[in-house]
A.B. asks: 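Would you mind keeping the following structure in view while I ask a few things?
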2 protein chains.
Amino acid sequence: MPNETYQKALDTLRESKIRITPQRQIILKYLINHDNHPSVDTIYEALKKEFSNLSVATIYNSLQLFEKLGIIIELPAEDGGIRYDFFGNPHFHAICENCGKIIDVEYPDYKSLEQSLSKTTEEQTGFKVRQSHVEVYGLCKECQAKLSK
Amino acid sequence: MPNETYQKALDTLRESKIRITPQRQIILKYLINHDNHPSVDTIYEALKKEFSNLSVATIYNSLQLFEKLGIIIELPAEDGGIRYDFFGNPHFHAICENCGKIIDVEYPDYKSLEQSLSKTTEEQTGFKVRQSHVEVYGLCKECQAKLSK
DNA sequence: CTTAATGCAAACGATTTGCACCGCC
DNA sequence: GGCGGTGCAAATCGTTTGCATTAAG
């Protein structure tokens with residue numbers, strides 16, 4: 001785990017006068033160390049082994065908090081639920097409509113794309129933009145092969 | 001209502017050998033005539049007056065169907081639910097994090113943006129891209145004013 | 001010490017399901 | 001007239017809530 005990344009996230013919490021609890025620490029670490037875009041339940045199943053009395057309510061709380069602080073982002077999943085993604089360096093997401101898999105895609109000009117979207121939005125609507133989300137939907141390699149049989 | 005738009009949507013149904021029922025017709029018309037990004041419940045409340053025995057299950061079915069056919073798109077809303085949007089000419093969405101309002105934003109180069117995203121994704125992941133979604137999150141004009149008081 | 005944060009379990013509510021009936025093609 | 005579509009109500013399940021308890025700063 002890039003320890004620097006973790007420390008930076010903790011700093012963000014401190015800046016907002018948010019208490020750094022063991023629960024928040026392990027959830028944060030989990031998110032940094034996994035790029036599996038977990039659901040609340042995935043996180044819960046993974047962490048309850050090493051942290052036996054951890055409640056789902058706490059995970060919901062923590063994730064909502066992290067999202068507000070811009071540490072993580074929410075992704076709408078194919079099954080209607082939500083997945084979470086630590087958002088260190090900007091990227092967008094490719095979501096498979098068959099198996100639900102989510103893959104990170106690095107986009108060279110992400111920064112300038114965001115600026116362009118932001119500018120257009122502010123001009124047309126007066127919005128003050130905080131962040132942007134980009135997703136593409138389609139079929140992953142495996143499902144293309146599977147479905148063409 | 002642009003009748004041509006409606007007819008084109010019906011053609012899409014016919015092409016896929018999907019039956020054109022009165023329920024599907026009025027739901028489709030509702031979506032074409034409103035740019036309010038309705039939830040299932042909004043549609044239900046609006047249509048049950050003129051179509052007394054219409055069940056929510058049918059609306060869920062129809063919307064999922066339309067989405068698969070590419071006639072409408074789903075938007076993740078601030079309250080965790082889903083909103084639906086007839087997707088005639090491409091645009092992206094600005095979503096207010098305070099009041100939940102969703103506004104369409106016309107983006108001049110949307111087509112070329114989509115192609116660029118699509119290309120990058122296919123190169124990096126082997127995905128076959130069907131469509132893309134872009135959303136920006138922030139504060140709308142009204143909420144900026146409201147919150148700075 | 002003070003007060004935010006947690007755990008637990010009950011409550012909630014949006015979405016789905018099963019099945020008998022209906023009506024589009 | 002066959003089969004896809006619909007309505008209805010019950011079941012489901014992810015998420016939220018209320019409150020007593022705990023521990024971070």
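Reminder, nothing fancy here: chain letters follow the sequence lines and each chain counts from 1.
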A.B. asks: Give the intermediate values and the outcome of side chain to side chain donor-acceptor pair (under 3.5 Å) for residues T121(A) and S118(A).
C.D. replies: CA-CA 5 Å; T121(A) 304; S118(A) 197; over 6 Å; no
A.B. asks: Hey, any chance I73(A) and I43(A) share a hydrophobic cluster, counting ILVMFWY side chains that come within less than 4.5 Å of each other, even indirectly?
C.D. replies: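 Per the 4.5 Å side-chain linkage, I73(A) and I43(A) are not co-clustered.
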A.B. asks: Name the pairs: protein N/O against N/O of nucleotides 22-25 of chain D, kept only if under 3.5 Å.
C.D. replies:
unit_1  : atom_1 : unit_2 : atom_2 : d
dG25(D) : OP1    : I20(A) : N      : 3.0

A.B. asks: Applying side-chain contact (heavy atoms from CB on, under 4.5 Å), name anything that partners E67(A), two or more places apart in sequence or on another chain.
C.D. replies: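 I72(A), E74(A), R130(A), Q131(A).
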A.B. asks: Write out all pairs satisfying salt bridge (charged side-chain N to carboxylate O under 4.0 Å, His left out) with one or both partners inside residues 132-141 of chain A, taking only residues at least two apart or from two chains.
C.D. replies: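 Passing the test, one end in residues 132-141 of chain A: no pairs.
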A.B. asks: In the 5'-to-3' direction, what one-character label does each nucleotide of nucleotides 12-18 of chain D receive under the scheme B = base within less than 4.0 Å of a protein heavy atom, S = sugar-phosphate only, - = no such atom?
C.D. replies: --SBBB-
A.B. asks: Spell out, yes or no, whether F87(B) and L10(B) are grouped together once hydrophobic residues are joined by side-chain heavy atoms under 4.5 Å, including indirect joins.
C.D. replies: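 Different clusters.
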A.B. asks: Does T12(A) use its side chain to pair, donor to acceptor, with the backbone of K8(A) at less than 3.5 Å?
C.D. replies: yes
A.B. asks: Would you say the side-chain atoms of Q144(B) pair up with the backbone N or O of G126(A), donor to acceptor, closer than 3.5 Å?
C.D. replies: yes
A.B. asks: How about H133(A) and H93(A): are their ring centres within less than 6.0 Å of each other?
C.D. replies: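 No, the ring of H133(A) stays outside the 6.0 Å limit from the ring of H93(A), centre to centre.
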A.B. asks: Between P on dG7(D) and CZ on R24(B), what's the gap in Å once rounded to a whole number?
C.D. replies: 11 Å
A.B. asks: Keeping S148(A) on the side-chain end and A145(A) on the backbone end, is there a donor-acceptor pair under 3.5 Å?
C.D. replies: yes
A.B. asks: Anything under 4.0 Å to a heavy atom of chain B counts; send over the first and last such nucleotide of DNA chain C, read 5' to 3'.
C.D. replies: dA14(C) to dC25(C)
A.B. asks: Is it true that L28(B) and I20(B) fall in one hydrophobic cluster, defined by side-chain heavy atoms closer than 4.5 Å?
C.D. replies: yes
A.B. asks: With no hydrogens and no angle check, is any side-chain donor or acceptor of T125(B) less than 3.5 Å from a backbone partner on E122(B)?
C.D. replies: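 Flag not set: sc T125(B) to bb E122(B) has no pair under 3.5 Å.
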A.B. asks: Answer yes if Y137(A) and F86(B) sit in the same cluster of Ile, Leu, Val, Met, Phe, Trp and Tyr residues linked by side chain heavy atoms under 4.5 Å apart, and no otherwise.
C.D. replies: no
A.B. asks: Does any residue of residues 48-55 of chain B have a heavy atom under 4.0 Å from DNA chain C, and if so, which ones, in number order?
C.D. replies: none
